[in-house]
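The analysis underlying the following values was restricted to heavy atoms, covering all of them including side chains, and did not include hydrogens, waters or symmetry mates. In this chain, numbering begins with 1 at the start of the sequence shown.
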Amino acid sequence: LGMFSELKFPVPWGHVAAKAWGPSGGHPVLCLHGWLDNANTFDKLIPLLPRDYYYVAMDFSGHGLSSHRPAGSPYHFLDYVTDVRRVAAALQWRRFTLMGHSMGGSVAGMFCFLYPEMVDKLILLENLGFLLDPEDTEAWLKSKRMVIDRLLTLEAKQQAPKARSPEAALQRLLEANRHLTAEGGTILLQRGATETPTG
């Protein structure tokens with residue numbers, strides 16, 4: 001397990017980088033590093049672990065060899081959880097083990113909380129996991145999981161913008177915003193739409 005391969009997963013702002021050890025058909029383990037660290041965190045540990053597992057250590061966005069988010073974009077904790085979901089989807093992993101160190105442990109804990117059906121084991125190194133007030137649990141889970149799932153669905157459906165006539169664009173805007181009047185919608189479209197030769 002001293003040998004590893006480099007991986008890259010496309011994301012809307014570039015790529016998430018990772019390194020992998022072991023047989024790709026082995027039981028999957030996703031390794032999450034700590035704050036200001038990178039996938040090399042696991043270089044000394046992985047060779048000591050069972051050899052029949054497939055270990056993938058990802059670099060969170062803005063860390064290691066992963067792309068930085070666009071300038072001016074903050075790095076929110078939930079965004080790291082979303083990166084884990086993206087990598088799991090790219091690897092086509094339906095169920096896997098999560099191993100997290102420090103901040104990566106908190107991310108792993110939150111991921112387990114949001115997607116328990118995807119995680120068979122959670123390994124925390126120098127971390128307590130993710131803690132939440134029991135009274136808020138159900139509402140928090142529902143809202144955060146919905147945010148991540150909607151974002152990934154939108155990213156998967158990305159298409160070139162469709163050209164519409166000014167009338168059709170106004171109609172679509174009014175259907176999506178029932179509180180708008182036709183006059184208000186027309187005002188918003190003056191700055192919110194671009195006229196092209198096809199619409």
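- Of all heavy-atom pairs spanning Ser66 and Ser61, the tightest one is CB-CA, 4.1 Å.
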Original post:
Yes or no on side-chain contact (heavy atoms from CB on, under 4.5 Å) for Met110 and Leu78, after CA distance, side-chain angles and deciding distance?
Top reply: CA-CA 8 Å; Met110 187 186 287; Leu78 194 60; 3.7 Å; yes
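- Arg95 places a side-chain N or O within 3.5 Å of a backbone atom of Glu117 that can act as its donor or acceptor partner.
- Within the 4.5 Å cutoff, side-chain heavy atoms of Tyr75 are placed close to those of His68.
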**OP:** Tell me, with the steps shown, if Leu91 and Phe9 meet side-chain contact (heavy atoms from CB on, under 4.5 Å).
**Re:** CA-CA 9 Å; Leu91 290 166; Phe9 307 101; 3.7 Å; yes
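- Separating the CD1 atom in Ile148 from the CZ atom in Phe111 is a distance of 8.0 Å, to the nearest 0.5 Å.
- Ring pair Phe60/Tyr80 is tilted by interplanar angle, where 30° to 60° counts as tilted.
- For residues 178-190, no pair satisfies side-chain hydrogen bond (donor to acceptor under 3.5 Å, both in side chains), with sequence neighbours left out.
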Please table the atom pairs, donor to acceptor, closer than 3.5 Å between any side-chain atom in residues 97-104 and protein atoms at least two apart or in another chain.
from   : atom 1 : to     : atom 2 : distance (Å)
Thr97  : OG1    : His27  : NE2    : 3.2
Thr97  : OG1    : Asp120 : OD1    : 2.7
His101 : NE2    : Glu126 : OE1    : 2.6

**OP:** Please assess Tyr115 against Asp149 for the test side-chain contact (heavy atoms from CB on, under 4.5 Å), listing each intermediate value before the final yes or no.
**Re:** CA-CA 11 Å; Tyr115 298 97; Asp149 291 346; 2.6 Å; yes
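- Asp59 places a side-chain N or O within donor-acceptor distance of the main-chain N or O of Ala39, the cut-off being under 3.5 Å.
- In the displayed structure, Trp35 atom CH2 is contacted under 6.0 Å by at most 12 heavy atoms of other residues, nucleotides or ligands.
- Rounding to the nearest 0.5 angstrom, the gap separating the NE2 atom in His33 from the NE2 atom in His63 is 5.0 Å.
- For the atom pair CD1 (Ile46) and CG (Asn40), the distance works out to 11.5 Å, reported to the nearest 0.5 Å.
- Residues Arg69 and Pro74 come closest through the heavy atom pair CD-O, 4.0 Å.
- A distance of 9.0 Å separates CG in Asp79 from OG in Ser73, rounded to the nearest 0.5 Å.
- The salt bridge (Lys or Arg N to Asp or Glu O under 4.0 Å) pairs that include a residue from residues 17-29 are Lys19-Asp43, where partners are two or more places apart or lie in different chains.
- In the hydrophobic clustering of this structure, Phe77 groups with Leu36; members are Ile, Leu, Val, Met, Phe, Trp, Tyr whose side-chain heavy atoms approach within less than 4.5 Å, directly or through other members.
- Note that OH of Tyr54 is 6.5 Å distant from CH2 of Trp93, once rounded to the nearest 0.5 Å.
- Between Trp21 and Phe4, the two ring planes are tilted [angle within 30° to 60°].
- Atom CG of Leu32 is separated from atom CG of Leu30 by 5.0 Å, given to the nearest 0.5 angstrom.
- Between Val11 and Arg86, the closest side-chain pair of non-hydrogen atoms falls below 4.5 Å.
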**OP:** Under the side-chain contact (heavy atoms from CB on, under 4.5 Å) rule, what do Leu45 and Leu125 come out as? Steps first, then yes or no, please.
**Re:** CA-CA 11 Å; Leu45 176 62; Leu125 309 171; 4.0 Å; yes
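- Closest of all the heavy-atom pairs between Trp13 and Pro70 is CB-CD, 3.9 Å.
- A donor-acceptor pair shorter than 3.5 Å can be found between the side chains of Glu175 and Gln171.
- Residue Leu173 shares its hydrophobic cluster (ILVMFWY side chains chained together at separations under 4.5 Å) with Leu170, Leu174, Leu180, Leu188, Leu189.
- With sequence neighbours excluded, the residues satisfying side-chain contact (heavy atoms from CB on, under 4.5 Å) with Ala89 are Arg85.
- When all heavy atoms are compared, the tightest approach of Leu124 to Gly105 is CD2-O, 3.5 Å.
- Between Ser106 and Asn127, the shortest heavy-atom distance links the atoms OG-ND2, 2.8 Å.
- Other residues sharing the hydrophobic cluster of Leu65, ordered by chain and number and joined by side-chain separations under 4.5 Å: none, the residue standing alone.
- More than 12 heavy atoms of other shown residues, nucleotides or ligands fall within 6.0 angstrom of atom CD in Glu6.
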